[in-house]
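Letters go in sequence order (proteins before strands), and every chain restarts at 1.
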Amino acid sequence: MRWSQTFIHTLRQDPADAEVISHRLMVRAGLIAKVAAGIYSYLPLATRSLAKLSAIVREEMAGAGSAELAMPAVQPAELWRDSGRWSEYGPELLRIKDRHDREFCFGPTHEEVITDIVRGTVTSYKQLPVNMYQIQTKFRDEIRPRFGLMRGREFLMKDAYTFHADDEDLDLAYRAMERAYRRVFSRCGLRYTQVEADTGNIGGSESHEFMVLAETGEDAILSCPKCHYGANVEKAETGALEPAPPWPLDPTDAPREVDTPDQRTIEEVSDFLGIAPAHLVKTLIFETDEGFVAVLIRGDLGVNEIKLKNALDCLHLQLAGEQKILDITGGPQGFSGPVGLENIRLLADPSVMDLEVAATGANKDHTHVVGVVPNRDFTPDQVVDVRLAQAGDPCPRCEGTLIEKRGIEVGHVFKLGTKYSKAMRCTFLDADGEEQLMTMGCYGLGVSRTMAAAIEQNHDDKGIIWPLPVAPYEVVLVLLNSDKEEVVGAAEELYGQLVDAGIDVLFDDRPERPGVKFNDMDLIGFPVRVVVGKRGLDNGEVELSLRRDGERRSTPIKELVPAVNAVLDELREEIED
RNA sequence: CGGGGCGUAGCUCAGUCUGGUAGAGCGCACGGUUCGGGACCGUGAGGCCGGUGGUUCAAGUCCACUCGCCCCGACCA
């Protein structure tokens, strides 16, 4: 392809509305153009990159035994009513009406459609398993789209679905998908990690996320350097907690109120009372769609709202406001406690129940109670782990200590179980002629997000440094002195040779000054650069260099094609390893 | 949705406080000089100052409403 025949327009300055590096670089390098918040056009360069990424995904899906299909982007409301998600999914689902006022949505995911296909076709265990995927534009009306392609509303996604006669068979497909995902991200040359994840509102039993490691990642990952345990903080477990130190105050037969004027925070109260933060019971009032809940956790720990949502089986929750706290507990924020707290569900983390003696708020202004004994002075309705794991906590699997990293979620695999097959009556007859629910898996991979993540992870102050397998073009051939006829002739000749050799090359045939061209090459980040200029040509040479290190290797003009093939092979081998 | 900020030339931004002829840099067009790391000189095109309504002799500037965009929080590939 010639530059003059495609559409590449670079910007000198950063766009004003882009914050993260991948977004800035994609706009500056002429990869994407914004149409509306969270909605972008993929310009020719991005389109090529996405096509390469998609090709890798297709190969690996084939390897995992998945067949490609294409489902509609627009889906009828009745399918979503059938699964129950028309009401569950919330405003993130873009709902639309046709001219007859019939309701539809723009598909954010396709469990309903594929389950509908399978339930109408598959009736026998002999037809299972089923494994299909598609690569398609999805729309999710995100509360807050941001960071360009990292969290767009419209995005390109590969979604696969499998249907099985039993859990063992699902597990086989799940493991094959995990392997396929690892191969995709490895082949793209990305540094990533696979972690245990929460299943979120998609539902199901087991789930893993694939995270591209980058400082700007929106997810926090906890991992153990010793045993390779890794999990999203939302999901992370920890080893046994360090117990609270011995109770430093006199023991009491019953809780005793003490004045704590203006001592609200855990630190203030524990300092004031001369106890450790771990001796306090933190009492948080949450508002949920099921009503209010008081959540108790040890003072030095935090609450994981995802775990809490799962424990309460609710869709949404938030901390109650000051007035609500006053109404429910009788005391202001900062002075809540479980002793004598009635008319509200009481949920305690095990860390609280393990305390021998504790201090808590008294549900009264400027007052706390000390000498509180769990199960004597209060009894929770439910004891469940809702603790937020953090860096420094013990690993749940070994003696190690968890560390935190940031990641961009580029893939997520789920064992769905029978959630959708049950709701939508997707059944088959087993060998005994008994009707059974199919068990399902679903597997998402953000294609456009992976492209953004690749840039997020591979750039320098000059621009993008594409990993070879997802670069829009592997090689750029730069004509340097377009005013010199012999240089133009040589460049044209070399371009022909490279094309004939099947090399993925872009020919920068623009009559621009060298500086402009060099800067554009660096900004766009083609892995391999061939410069044809008068200077080298006089010696019968052209200049070959890698974007990565910029090191220039003079190459005899007659040996250009083999030389380019050689560096491409080197780059490919590196990624294989 | 709550909190913060911004809409002026294709892009990045001044000008708004204190109302009085619409600005700069880059980009673009033309001419000339340049030509291996974003050249220089000259000439020029390009604006409903996001929109609507109001105040005023006069509004980019003040007021009200509205639309769009960005950032921080709850969602997710």
* Structure fact -> pair_partner(B:U18), Watson-Crick or wobble, both distances < 3.5 Å, evaluates to none
* Do we see a donor-acceptor contact under 3.5 Å between the side chains of A:S83 and A:E112? -> yes
* Structure fact -> Between A:E218 and the options A:R146, A:R406, A:R449, the salt bridge (charged side-chain N to carboxylate O under 4.0 Å, His left out) test singles out A:R146
* Structure fact -> By the Watson-Crick or G-U definition, both distances under 3.5 Å, B:U56 is matched with none
* Asked: Who is the Watson-Crick or G-U wobble partner of B:U61, with both distances under 3.5 Å?
  -> none
* Check: A:R151 side chain, B:C75 base, donor-acceptor under 3.5 Å -> yes
* Structure fact -> From NE2 of A:H412 across to P of B:C75 the rounded distance in Å is 14 Å
* Has A:K34 got a side-chain N or O lying under 4.0 Å from the OP1 or OP2 atom of B:G68? -> no
* When you measure from the centre of the six-membered ring of A:F155, is the NZ or CZ of A:R140 under 6.0 Å away and within 45° of the axis? -> no
* To do: Would you mind pulling out the nucleotide paired to B:U34, Watson-Crick or G-U wobble, both distances under 3.5 Å?
  => none
* Structure fact -> Closest of B:C13, B:A77, B:G36 to the A:A16 side chain is B:C13
* Asked: Which is it for A:F210 and A:H208 under the ring pair (Phe, Tyr, Trp, His ring centres under 6.0 Å) test, yes or no, and what are the steps along the way?
  -> CA-CA 7 Å; A:F210 294 80; A:H208 287 89; 7.5 Å; no
* Asked: Is any side-chain N or O of A:R449 under 3.5 Å from a base N or O of B:C76, one able to act as donor and the other as acceptor?
  -> yes
* Base-pairing mate for B:C69 - Watson-Crick or G-U, with both contacts under 3.5 Å -> B:G5
* Asked: Between B:C75, B:G36, B:C13, which nucleotide gets closest to the side-chain atoms of A:N481?
  -> B:G36
* Could you tell me which nucleotide pairs with B:A77 by Watson-Crick or G-U wobble geometry, both distances under 3.5 Å, or answer none if nothing does? => none
* Asked: Going by modelled atom types, is there a donor-acceptor pair between the base of B:U34 and the side chain of A:R513 at under 3.5 Å?
  -> yes
* Asked: Would you say the side chain of A:R510 and the base of B:G38 hold a donor-acceptor pair, judged only by whether the two atoms sit under 3.5 Å apart?
  -> no
* Asked: Using purine N1 to pyrimidine N3 plus N6-O4 or O6-N4 for Watson-Crick, or N1-O2 and O6-N3 for G-U wobble, each under 3.5 Å, what pairs with B:G25?
  -> B:C11
* Between A:Q13 (CD) and B:C13 (C1'), how many Å, whole number? -> 8 Å
* Hey, does the side chain of A:R146 come within less than 4.0 Å of B:C72's phosphate (OP1/OP2), counting only N and O? -> yes
* To do: Taking atom CD of A:E68 as the centre, report whether more than 12 heavy atoms of other residues, nucleotides or ligands fall under 6.0 Å from it.
  => yes
* Stacking check A:F518 vs B:G38 (5.5 Å / 30 deg) -> no
* Asked: Under a 3.5 Å cut-off for both distances, is B:G46 Watson-Crick or wobble paired, and to whom?
  -> none
* Asked: How close or far is atom C1' of B:A74 from atom CD of A:E92, stated in whole angstroms?
  -> 12 Å
* So A:F106 and A:F139, would you call those rings parallel, tilted or perpendicular, with 30° and 60° as cut-offs? -> perpendicular
* Asked: Roughly how many Å is it from CD in A:E218 to P in B:C75, rounded to a whole number?
  -> 12 Å
* Is a donor-acceptor pair below 3.5 Å formed from side chain A:R144 to base B:G3, judging by atom type as modelled? -> no
* Asked: Do A:E543 and B:G36 have a side chain to base donor-acceptor pair shorter than 3.5 Å?
  -> yes
